[in-house]
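A short write-up of the structure that comes next.
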Amino acid sequence: MAALSITDESIPDLYGRTVIVTGGSSGIGLGAVKIFLEHNARVFNLDIQPPPADLDSAANLTFIQTDISSWPSLAGAFSIITRVHRASVDIAVGNAGVEEDGAYLQQCLRPAPTSEDEWAALMTERLSYRTVAVNLEGTLNFVMLAARVMKGQRDGGSIVLTGSATAYLPEQSIPVYCATKAAITNLVRSLRATLPQHNIAISGVAPSATESATLPPRLAAPLRAAQLPVSTGRHVGLAIAYSATARQSQRVEDYGKDDAAADAEGRWNGRVIHTLGDTFTEVEETLVRTRPQWWGERNTELARAQQRATDLRDTLLGP
Ligand SMILES: NC(=O)c1ccc[n+]([C@@H]2O[C@H](COP(=O)([O-])OP(=O)(O)OC[C@H]3O[C@@H](n4cnc5c(N)ncnc54)[C@H](O)[C@@H]3O)[C@@H](O)[C@H]2O)c1
């Protein structure tokens with residue numbers, strides 16, 4: 001585990017750089033927006049609700065009302081940023097996310113229908129997974145649009161996603177949420193091998209309990225009562241800003257035919273910073289290093305060999 005020390009001084013001056021943050025009107029996203037503004041970036045906040053009034057006078061902040069789970073809404077926001085504002089997208093923070101209401105777990109534990117009529121009634125029920133639509137589908141689409149814009153830029157860009165500590169240590173009462181956040185973490189792991197070939201970095205933050213509108217009172221209250229750590233939105237925002245701007249001296253993991261000896265210094269990529277209370281810990285490097293221990297030496301060796309044999313990234317290097 002690599003403990004990190006991140007302060008305001010760790011974030012460079014971002015004058016002339018453009019940042020998009022989804023869900024920047026509250027909690028963690030708001031913390032990140034304020035840090036980017038303090039470091040002179042131009043910031044676009046894509047949220048369903050407007051930011052608090054104290055940001056009304058922030059000249060470098062533009063709010064675009066956006067629902068990331070709606071493709072036209074999200075694509076429309078990128079169109080406004082790049083076409084109307086003629087802005088680049090240097091940093092893209094996919095942060096917007098929603099909790100779940102507990103209905104899925106309740107449904108799992110309900111007795112199944114027994115009669116034909118009851119099954120027929122069940123078949124007509126409309127199931128909808130808002131948590132999946134926002135946290136997973138919305139974030140997938142956000143990453144895709146950001147990458148498309150960044151690929152056309154001389155300096156590429158950096159994408160940072162807000163995952164969750166629940167991707168590593170799931171919480172039993174919110175299984176759908178945990179599933180979406182595990183998916184986001186694996187999205188970072190999968191894309192970290194490909195996007196850098198196009199001058200795009202991708203990384204994540206995995207917050208533990210953080211003060212925000214969505215930390216449900218049923219989870220916040222026992223934490224506070226037990227005097228357990230709860231982070232501020234600004235603290236996690238710092239991890240986001242750091243992930244978007246820091247550099248690394250080596251890849252977190254080689255993929256396929258990567259030349260292990262050719263680890264070059266480059267953008268912070270493929271890493272996830274866990275935030276807990278007032279601490280920061282990068283967790284992916286340790287997971288990669290210890291894979292032979294928890295997955296087995298032979299399994300790791302053979303899966304790596306399979307990856308080398310099927311490394312098709314060169315064929316993806318289109319225009
Ligand atoms: N607070 C925590 O303890 C915690 C822990 C781990 C991960 N997270 C993650 O952090 C991220 C930020 O959440 P937060 O805790 O700051 O909550 P928050 O509710 O304070 O902020 C979330 C913001 O996202 C916006 N949003 C929601 N749905 C949206 C949509 N469809 N399109 C655009 N914007 C939308 C909301 O309006 C809000 O401004 C989420 O992805 C959440 O899952 C939070």
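Note that ligands are numbered from 1 as they come in the structure, with each ligand's atoms numbered from 1 the same way.
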Can you sort out which atoms of ligand 1 are near Gly27, meaning under 4.0 Å from one of its heavy atoms? 16 (O), 20 (O)
Starting from atom 11 (C) of ligand 1, what is the nearest protein heavy atom, named by residue and atom, and what distance separates them? Asn95 O, 3.1 Å
Asp117 and Ser115 side chains, donor-acceptor separation under 3.5 Å: no
Should Gly24 be listed as contacting ligand 1, given a heavy-atom distance under 4.0 Å as the test? no
Please list, in number order, the atoms of ligand 1 under 4.0 Å from a heavy atom of Asp67. 30 (C), 31 (N), 32 (N)
Ligand 1 versus Val134, non-hydrogen atoms closer than 4.0 Å: side chain, backbone, both, neither? side chain
Check for me whether Arg130 has a heavy atom closer than 4.0 Å to any atom of ligand 1. yes
Considering non-hydrogen atoms of the protein only, which is the closest contact for atom 33 (C) of ligand 1, and what is the distance? Thr66 O, 3.2 Å
Which is closest to atom 6 (C) of ligand 1 by heavy-atom distance: Pro207, Ser212, Ala165, Pro50? Pro207
Can you find an N or O of Glu211 that's nearer than 3.5 Å to an N or O of ligand 1? no
In terms of residue, atom name and distance, what is the protein heavy atom nearest to atom 17 (O) of ligand 1? Thr214 OG1, 2.8 Å
Test item, Gly163 contacting ligand 1 (heavy atom, 4.0 angstrom): yes
heavy-atom search around atom 44 (C) of ligand 1 in the protein gives Ile28 CD1, 3.7 Å
Salt-bridge present (Asp155, Arg267; N to O < 4.0 Å): no
Where ligand 1 meets Val98 - atom numbers and elements under 4.0 angstrom, heavy-atom basis: 27 (C), 28 (N)
Of all protein heavy atoms, the one nearest atom 3 (O) of ligand 1 is Thr210 N, 2.8 Å
Would you mind running through ligand 1 and noting each atom that sits below 4.0 Å from a heavy atom of Lys181? 40 (C), 41 (O), 42 (C), 43 (O)
In the protein, which heavy atom is nearest to atom 24 (O) of ligand 1, and how far is it? Gly23 CA, 3.4 Å
Under 4.0 Å from one or more heavy atoms of Leu215, ligand 1 contributes atoms 3 (O)
For His274 and Ser208, test the side chains for any donor-to-acceptor distance below 3.5 angstrom and give the result as yes or no. yes
For Ser208, counting its heavy atoms only, list the atoms of ligand 1 lying under 4.0 Å from any of them. 3 (O), 5 (C)
May I ask you to list the atoms of ligand 1 that are less than 4.0 angstrom from any heavy atom of Gly97? 40 (C), 41 (O)
Ligand 1 atoms nearer than 4.0 angstrom to some heavy atom of Ala209 are 3 (O)
Can you tell me if Ile48 contacts ligand 1 (heavy atom of the residue under 4.0 Å from the ligand)? yes
Give a yes-or-no answer on whether the side chains of Ser69 and Arg130 include a donor-acceptor pair shorter than 3.5 Å. yes
